[in-house]
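In what follows, a structure is listed as structure tokens, so that the remarks can point back to it.
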Amino acid sequence: MADVRSVRGVQEGDAMNDGRPAGVYAVIDPERGPHGALELHGPLDTAFFHRALHRIAEIRPGARYPEPRLLRHGPDLHTVELPGEGGASAPYPLGLLADLLTAAPEHDPDAGGSGTGPAAGPERVPCGTLPRTRPVTPLQQQRLADALARPDHQVEQVLWRWYGPLDTDRFEAAWQAVGERESVLRTAFVWDPQPRALVFDRGPTDLVRHPHGTVIRRAALLTRERARAFDLRRPGALRVALLDSGPADTGAPFTDVLVTYHRALLDSWSVRLLMRECCRAYLADGVLPGGERRPDLGDLACQLSAQDAGPADDARGGSAHGPALPAVPRPPAAGAVGRAGIGVLRTALSPHRSAQLADWAASWGVAESSVLQAVWAMLRYRASEAAPGPATVGFGVESPGRGLLLEGIEGVPGPFENALPVTVRLDAALGLPRLLGDLRDLAMDLAAHEWAAARDPVPASASTSGVGTRAGGLLAFDCGPRPEAAYGDALAAHGIRLAEQESAGSPAGYALRLRAGHDAHRGLVLTCAYDRDLVDATTAGTLLAHTARLLRLLPAAANAATTVGDVLAWLPDAGTPRVPDGPAAQEAAPLMPLRGATAPAAATVCLLDVPGAPRTGHGELVRHYRGPEALTTLRLTPGAQAESLARPARSRGRLVLGGHSGTGALACELARQLTGPGVRPPLVVVGGAWDDPDGPRRLAGALRRASASAARR
């Protein structure tokens, strides 16, 4: 990949550890003193300590804590002393302080010294020293929880084709200007132990251009960019990859512009909005007038917390007819259906067929999205095997989520798209016009309460009128601002034409998600993204083929007398497969053993993953660990319970909870839950960045020393 030009300043594959200091490792002992004790091992600049205190004051505004003091016992050993209450309103957040102090130090010119890891972007670009704290919306909380359990369900992509000259430096400057204007591109998360949003002064521009020949084909680039996990603890929930066309490509030269983003901070509407702003800045030589956009996502979060859902609670789960559907049985355990990960299938209607469908839908006073919902409802009805008798079917419909009473909401980037549950009662004799009208009316009712779903999203494990809220799959219809429509003429004056090619979605927490949208030629493209743990390729392909078949046939064959039974008779005799429920709500994960104890009555060391960071496993750490303790791992989530650790906490020896920087606050909360009669609270060991190549070895040594010290006490 030596010929790949990277405008991030760091080539792909470069080592992240380039002679940085080894960093600090923290040991938290809840038993020592009224507030616990914090030991810091390794070289520590006192400026780091004071900046971390300021950071905590910003993250937790209004809280009164004991004033911590840093005591130096040697060049590589410090302790944090916490005096008596002194008017404090809460115990000091030692876990959060440990996370901030143990992050890998980086040079920050504005600070006159080194910064801390949470303030650095994907390539360790300094992002300012003191971020602003913003509330997290309920919808973001849900997506963050989903991302911790199923990261690939929250990563999506949009691809444009750029015909004509593309100046990389100018394009990069344009994205930098967009990042300066849009705070969402400079936002990260910290777990305290619940997630909080941090908005930094600066953010990285993660943009790479691939000349022709460096990537085999576009599909390989899509797959590779999707596989690059996001680190949610650092700003940069969007990245751009450029792929130049080659001699074999017909027509005018072009560059594919692939935008990959995380749904905890953005949605498809927002990405199109940001691309439109990028085109505007590109035409202005990389400059956007005005300062930071207001209102922004933080303003929305504050407003949502003050709103009352009121009567919207009834509307969110309303059904068009009668009682609700029992949930479809879940298939066997994960991995039993097919390969783990996300599968994507795609088909399209020709522009001529798509125009016929749009005209036919308009003749019945409905949008194309209502026709898609009607087709999906009929397929769900056929799969229920209740025909010709009555049955109630349910599925999710994705709403843009922009019906909020916030000025300028159409231009605010953020994660607003949300799923609304739809249930409808069908039988073979139900007229197709009646079904279309009912779905249109229901969509209008639900649209009036989009803000309620964004304020209080239905949990994955809940039911709406008896229907599992993630049963039946999710339907989405692309909409939002089109950069090619807004700046097409201005770009054309420079010999440039922009055309959206495709939107590669994800299951978004469902077993299957069917997304519809128009391509540059106004053909209707259907993209089916499915969870391979729950749906196999044959099932997804059959559902996609049946959907496309009915959408093609309806304009030519349906009339006012057509019934649901008539439409289903147009399908092949082979049955329509069911769509299972979405993945189960994340629960407290069981302990996963990594290595047994090598000595009788040895204690247990439980390794915790960094929330928000890509999963890397603990194989290297296990290989470097030299102590007799048993090693286990627990996938830590904000709502994790302590039951999984109850047995090792009560066994002989003292339990040690350990992880890389970022696990401290959650580990301390877990230790607090484990404390009880006859149970010693676990030690917490935190240190090192998850992406430091030497981190596993150093963390293994810190855990071993803490375990040995605990055994002597």
Side-chain angles (χ1 to χ4, degrees), residues 1-14 122-123 155-179 185 204-228 236 238-261 268 271-272 274-286 344 346 348 482-504 517 519-521 525 527:
M1 298 295 293
D3 53 349
V4 176
R5 180 183 179 186
S6 170
V7 297
R8 291 175 293 182
V10 177
Q11 293 286 345
E12 293 183 10
D14 283 358
E123 300 297 350
V155 177
E156 298 197 354
Q157 297 171 310
V158 181
L159 181 75
W160 284 272
R161 183 154 288 178
W162 182 291
Y163 295 93
L166 176 57
D167 185 321
T168 308
D169 293 334
R170 189 174 181 177
F171 196 73
E172 180 198 11
W175 273 110
Q176 287 177 338
V178 174
L185 296 181
T205 302
D206 193 345
L207 188 151
V208 177
R209 186 164 191 169
H210 302 274
H212 174 70
T214 58
V215 177
I216 298 175
R217 56 175 63 91
R218 185 175 70 180
L221 179 63
L222 282 161
T223 301
R224 194 172 76 178
E225 286 298 310
R226 187 180 190 88
R228 287 178 55 203
L238 176 147
R239 55 177 175 258
V240 183
L242 308 176
L243 176 62
D244 294 330
S245 62
D249 294 299
T250 59
F254 60 84
T255 299
D256 283 329
V257 180
L258 174 63
V259 177
T260 305
Y261 63 96
S268 61
V271 170
R272 292 182 175 93
L274 294 173
M275 187 63 182
R276 188 178 70 179
E277 291 297 285
C278 177
C279 291
R280 178 186 171 202
Y282 187 87
L283 292 168
D285 293 324
V344 178
R346 187 174 286 107
R482 296 280 177 160
E484 54 267 43
Y487 291 101
D489 293 341
L491 291 170
H494 293 265
I496 299 168
R497 181 168 64 88
L498 188 66
E500 183 172 326
Q501 295 295 296
E502 62 188 62
S503 175
D519 61 18
H521 304 291
V525 179
T527 303

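Bear in mind that the values here come from a model prediction, so they are computed numbers and not experimental data. Position 1 is the first residue of the sequence, and the numbers go up from there.
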Donor-acceptor contacts, no H, no angles, side chain residues 485-494, under 3.5 Å, sequence neighbours left out:
none

Those residues that, when tested against Ser245, pass side chain to side chain donor-acceptor pair (under 3.5 Å) (two or more places apart): none
Separation of Leu166 CG from Leu498 CG (nearest 0.5 Å): 10.0 Å
Test item: Arg272 and Ser503 side chains (from C-beta on) under 4.5 Å apart, heavy atoms: yes
Shortest non-hydrogen contact from Cys278 toward Phe171: SG-CE1, 3.7 Å
Arg226 (side chain) donor-acceptor with Val155 (main chain) under 3.5 angstrom: yes
Distance-minimising heavy-atom pair for Asp206 and Arg228: OD2-NH2, 3.2 Å
Side-chain heavy-atom pair Trp162, Leu242 within 4.5 angstrom cut-off: no
Side-chain heavy atoms of Val257 within contact of Met275, under 4.5 Å: yes
Sidechain-backbone polar pair: Arg239 side chain, Glu225 backbone, donor-acceptor under 3.5 Å: yes
Distance-minimising heavy-atom pair for Arg482 and Glu500: NH1-OE1, 2.7 Å
Stepwise side chain to side chain contact (heavy atoms under 4.5 Å, CB included) test for Leu274 and Tyr261: CA-CA 11 Å; Leu274 294 173; Tyr261 63 96; over 6 Å; no
Arg218 and Leu258: CA distance, side-chain angles, deciding distance, side chain to side chain contact (heavy atoms under 4.5 Å, CB included) verdict: CA-CA 9 Å; Arg218 185 175 70 180; Leu258 174 63; over 6 Å; no
